[in-house]
Amino acid sequence: ISGLRGIANESLDENVISNHVKAFSRLQPDGTILIGRDSRNHGCTFINSACKALNHSNRNVVNCDLVPTPTIQFLVEKNNYAGGIVITASHNPPEWNGIKFIDSTGLFLDDTQNKKLFNLADSIKSKSQNIDNSKLSTTIINHNDPIEEHIAHTVNLSVIDSKSIINRKFKVVVDAVNGAASYALPILLEKLGCKVITINCKPDGSFPRGAEPLAHNLKQLSESVLKNKADVGFATDPDGDRLAVVDEKGVPIGEEYTLTICTDGLLAKNKIRTPIITNLSTTMALDEVSKKYNNYVERSLVGEINVVKKMKEKGS
């Protein structure tokens, strides 16, 4: 429900991009729109089409170009942008592309907002753009360093014990599938004092493994962890909003264990009395971890925005 996807230049072309971006612009409050993309080769063309569509909709645009999706979400909220757009097909294969729409709160649009957007986009008639760009009163500004701003915030989060991590001097292997996290994740880890070994961290649009960081796609990462005697391996999807972990034995531990490890670490070091929120498809191991710290779990419908809504409802 966070956007749309299609085969690039077949079901998803510049007209589809332009119409949906114009529809998004009409629905958002006044202000500048932030935009970024993952590393797919057609992303350059599509992000330019999106920027033009926003300009022709009387919007100023800040173009972050190649950047992880979570960074766009962070910057939209932090800097009070009117919304954000990411040109990405997430973990789909390289011939796909798409758009993720981000509200002014930094959250993905919910199902109701998306229905409005899609209906409005369908009503927009595609026209060739014969507009004199020199007469537009709006601008496109390139954001020079969006990743650094996000990393600086992350390493200073109150729930992150940065000093302890730095003191451990972890050795970490990163596999970013040549996607949007190819620079961001290694830089973040280096800020945390880690020695970083990178594989598949050239954001050139070629995906050397399956784009989704599932266990059967992480053989190269597992081998590299063992070869380099690393403490851990991290893998992301092409737009950098999905993380998989490989342990020191080269074994992919899976998303369910990733969540329980994170929850255990969070509750062990922080006196949290609000519920842990997760969706209906997530392991009940979270309930057991929460009980250990006299906490509890509440579940939402499947979908990131539904988890976030429940978090806000419960003050989590």
Side-chain angles (χ1 to χ4, degrees), residues 1-2 68-71 73-74 76-78 102-103 105-108 110-111 150-172 181 185 188-189 191-194 213-215 218 225 230-237 240-316:
I1 62 171
S2 60
T69 293
T71 299
Q73 293 182 268
F74 164 74
V76 166
E77 181 187 17
K78 180 177 182 291
I102 298 164
D103 202 2
T105 57
L107 305 176
F108 292 127
D110 62 22
D111 54 347
H150 193 186
I151 289 171
H153 169 84
T154 302
V155 298
N156 289 303
L157 285 168
S158 61
V159 295
I160 305 296
D161 190 347
S162 297
K163 289 182 179 178
S164 293
I165 298 171
I166 291 168
N167 290 339
R168 290 290 298 274
K169 295 180 170 51
F170 289 112
K171 184 187 287 187
V172 184
L185 188 50
L188 170 64
L189 291 164
K191 292 276 188 184
L192 291 168
C194 301
L214 300 174
L218 303 180
V225 167
D231 297 291
V232 69
F234 292 135
T236 66
D237 66 344
D241 67 355
R242 183 170 297 202
L243 181 76
V245 180
V246 169
D247 70 16
E248 74 280 6
K249 296 177 181 178
V251 178
I253 66 172
E255 289 183 340
E256 305 290 32
Y257 283 119
T258 304
L259 294 174
T260 52
I261 287 170
C262 288
T263 303
D264 188 73
L266 181 70
L267 296 179
K269 291 184 174 293
N270 300 275
K271 293 180 179 179
I272 294 174
R273 291 294 173 260
T274 57
I276 300 297
I277 308 297
T278 191
N279 68 42
L280 290 164
S281 69
T282 303
T283 175
M284 288 185 70
L286 277 185
D287 298 75
E288 298 305 315
V289 172
S290 297
K291 285 177 187 176
K292 187 168 73 170
Y293 299 102
N294 297 316
N295 210 307
Y296 62 102
V297 171
E298 290 205 18
R299 295 181 184 271
S300 74
L301 296 175
V302 173
E304 179 181 322
I305 186 62
N306 294 319
V307 177
V308 174
K309 280 184 172 181
K310 193 82 168 179
M311 288 178 68
K312 287 189 168 186
E313 177 190 332
K314 299 296 180 178
S316 175

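Treat the numbers as computed from the prediction; the structure is a model and nothing was measured.
When the ring-ring contact (aromatic ring centres under 6.0 Å, His included) test is applied to F74, the partners found at least two apart in sequence or on another chain are H150, H153. When the side chain to side chain donor-acceptor pair (under 3.5 Å) test is applied to T236, no partner is found at least two apart in sequence or on another chain. Looking at residues two or more places apart in sequence or on another chain, you find no side chain to side chain donor-acceptor pair (under 3.5 Å) involving T258. Listed by chain and residue number, V289, K292, Y293 satisfy the side chain to side chain contact (heavy atoms under 4.5 Å, CB included) test with D264 (two or more places apart in sequence, or in another chain). Residues meeting the side chain to side chain contact (heavy atoms under 4.5 Å, CB included) test with S158, sequence neighbours left out: none. Residues passing the side chain to side chain donor-acceptor pair (under 3.5 Å) test with K78, sequence neighbours excluded: E149. Scanning for side chain to side chain contact (heavy atoms under 4.5 Å, CB included) contacts around E77 gives an empty result, with sequence neighbours left out. By the side chain to side chain donor-acceptor pair (under 3.5 Å) test, S290 is found to be paired with no residue, residues two or more places apart in sequence or in another chain being considered. Residues meeting the side chain to side chain contact (heavy atoms under 4.5 Å, CB included) test with I272, sequence neighbours left out: L266, L267, N270, T274, N295.
Side-chain N or O atoms of D103 include none that pairs as donor or acceptor with a backbone N or O of G106 at under 3.5 Å.
Of all non-hydrogen atoms in P213 and D237, the two that sit nearest each other are CD-CB, 3.9 Å. Taking all atoms of both residues into account, the shortest heavy-atom contact from A244 to L218 is CB-CD1, 3.9 Å.
By the 4.5 Å heavy-atom criterion applied to side chains, L286 and T260 are counted as neighbours. The shortest side-chain heavy-atom distance between F170 and V232 does not fall under the 4.5 Å cut-off.
Note that the NZ atom of K163 and the CG atom of N167 stand 9.0 Å from one another [nearest 0.5 Å]. L301 contributes atom CG, which lies 9.0 Å from atom CG of N279 (distance to the nearest 0.5 angstrom). Considering SG of C194 and NZ of K169, their distance stands at 10.5 Å, rounded to 0.5 Å. Considering NZ of K191 and CG of N156, their distance stands at 10.0 Å, rounded to 0.5 Å. Interatomic distance, CD of E298 versus CD1 of I276, reported as 11.0 Å (0.5 Å rounding). Interatomic distance, I160 CD1 to I165 CD1, rounded to the nearest 0.5 Å: 6.0 Å.
Sorted by first and then second residue, the pairs that involve residues 275-287 and meet salt bridge (Lys or Arg N to Asp or Glu O under 4.0 Å), not counting sequence neighbours, are D287-R299. Sorted by first and then second residue, the side chain to side chain donor-acceptor pair (under 3.5 Å) pairs involving residues 241-254 (not counting sequence neighbours) are K100-D241, E212-R242.
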Review item, side-chain donor-acceptor pairs of residues 307-316, under 3.5 Å, at least two apart:
from, atom 1, to, atom 2, distance (Å)
K309, NZ, D110, OD2, 2.8
S316, OG, P275, O, 2.7

What's the verdict on side chain to side chain contact (heavy atoms under 4.5 Å, CB included) for I253 and I261, showing C-alpha distance, side-chain angles and the deciding distance? CA-CA 10 Å; I253 66 172; I261 287 170; 3.6 Å; yes

